Amino acid sequence: PAGSNRDHAEEISTAVHGLMEQSGATQVDVVAHSMGGLATRWYLKNVPEAPVRRVVFIGSPHRGTLAAHLAWGNGRDEMMPGSPFLDTLNSGPSVPAKVDAITIRTTVDTRIVPGESATLPGIVDHEVCCPTHAGLLRTQEVFRIVLDFLENGILAPRSRR
């Protein structure tokens, strides 16, 4: 959380263009965890013609997190609920209309408080039980949701058992 999402968005732009140049692809898919989702959305908001096809937001504090009170650096201020950064980010559509996106979150996330902050208006949400915030990156159910989405597009969330 030390770096600014604005700076990380520039890093994403550089990575996207480098990947496209190396691979010959005309579009990329982005899988972003936690604050990386905010940087990805900042990139998409400020580069609406970005060559992004699909985005997966995993445990991203789209409307901030109370846990930011315990963080440090520029990311801390940007992740505070009601911050000017988030107000700007959340004005207008969640992502450009040409980009397909989903959110994935856990029911027991102690980093994204309240948990609903990991959702976005108009974006399909998948809530999984019960990995931690970091555990979202090591959970087979999350991996399956990500793979299904990247291969097949937007799918309805599976009902929890």
Side-chain angles (χ1 to χ4, degrees), residues 1-3 5 8-9 11-20 22-45 50-71 73 75-76 78-79 81 86 89-90 93-161:
N5 288 291
H8 295 315
E11 294 167 353
I12 291 168
S13 179
T14 299
V16 165
H17 291 290
L19 180 61
M20 289 174 45
Q22 288 180 351
S23 69
T26 58
Q27 288 185 305
V28 299
D29 295 336
V30 177
V31 178
H33 177 249
S34 197
M35 197 171 96
L38 301 181
T40 299
R41 289 185 57 219
W42 190 263
Y43 165 61
L44 292 172
K45 184 173 194 74
V52 175
R53 181 182 73 136
R54 294 186 176 136
V55 179
V56 179
F57 298 105
I58 302 174
S60 294
H62 299 292
R63 286 181 301 288
T65 175
L66 296 174
H69 289 281
L70 304 174
R76 172 194 192 274
E78 293 171 354
M79 289 188 294
L86 290 174
L89 187 63
N90 290 320
S94 298
V95 297
K98 67 176 185 64
V99 177
D100 290 335
I102 61 170
T103 61
I104 303 173
R105 61 192 172 114
T106 176
T107 56
V108 295
D109 200 325
T110 58
R111 299 268 177 100
I112 310 303
V113 180
E116 292 77 27
S117 183
T119 65
L120 283 168
I123 303 295
V124 172
D125 177 57
H126 296 265
E127 185 178 54
V128 297
C129 183
C130 288
T132 63
H133 182 73
L136 284 165
L137 299 175
R138 299 181 299 275
T139 303
Q140 183 149 359
E141 182 180 5
V142 171
F143 181 76
R144 185 176 20 77
I145 293 168
V146 170
L147 186 61
D148 285 350
F149 174 65
L150 295 180
E151 287 182 339
N152 304 310
I154 296 176
L155 304 172
R158 291 182 174 86
S159 60
R160 286 198 273 150
R161 298 173 195 89

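Because the structure is predicted, anything quoted here is derived from the model rather than measured.
Looking only at side-chain heavy atoms (C-beta outward), V30 and Y43 stay at 4.5 Å or farther from each other. The shortest distance between side-chain heavy atoms of S34 and R111 does not fall below 4.5 Å. When side chains are defined from C-beta on, P81 does not count as touching L86, because their heavy atoms never get closer than 4.5 Å. Side-chain contact between T139 and T106: absent, with no pair of heavy atoms (C-beta onward) separated by less than 4.5 Å. Using a 4.5 Å heavy-atom cutoff, the side chains of V52 and L44 are in contact. At least one side-chain heavy atom of D100 sits under 4.5 Å from a side-chain heavy atom of F149. Side-chain atoms of T110 and T132, non-hydrogen and from C-beta on, never get closer than 4.5 Å to each other. P51 has its side chain out of reach of T26: every pair of non-hydrogen atoms, C-beta onward, lies at least 4.5 Å apart.
Atoms NE2 and CD, from H126 and E141 in turn, are 10.0 Å apart once rounded to the nearest 0.5 Å. With rounding to the nearest 0.5 angstrom, the CG atom of D109 is 11.5 Å from the SG atom of C130. Atom CG of N5 sits about 9.5 Å away from atom OG of S60, to the nearest 0.5 Å. For the atom pair SG of C129 and CZ of R105, the computed distance is 12.0 Å after rounding to the nearest 0.5 Å. We find the OG1-CE distance between T65 and M35 to be 12.5 Å, quoted to the nearest 0.5 Å. For the atom pair CE (M79) and CD1 (I112), the distance works out to 7.5 Å, reported to the nearest 0.5 Å.
More than 12 heavy atoms of other shown residues, nucleotides or ligands fall within 6.0 angstrom of atom CZ in R41.
Under the 3.5 Å distance criterion, the side-chain polar atoms of D29 are matched with a main-chain donor or acceptor of R54. Not a single donor-acceptor pair under 3.5 Å links the side chain of R63 to the backbone N or O of N90.
The shortest non-hydrogen separation linking I12 to G36 is CD1-O, 4.4 Å. Taking all atoms of both residues into account, the shortest heavy-atom contact from S117 to P61 is OG-C, 3.6 Å. Heavy atoms only, all atoms of each residue included: S94 and P121 are closest at OG-O, 3.2 Å.
Tested against F57, the residues T119, I104, I102, T40 include a single side chain to side chain contact (heavy atoms under 4.5 Å, CB included) partner, T40.
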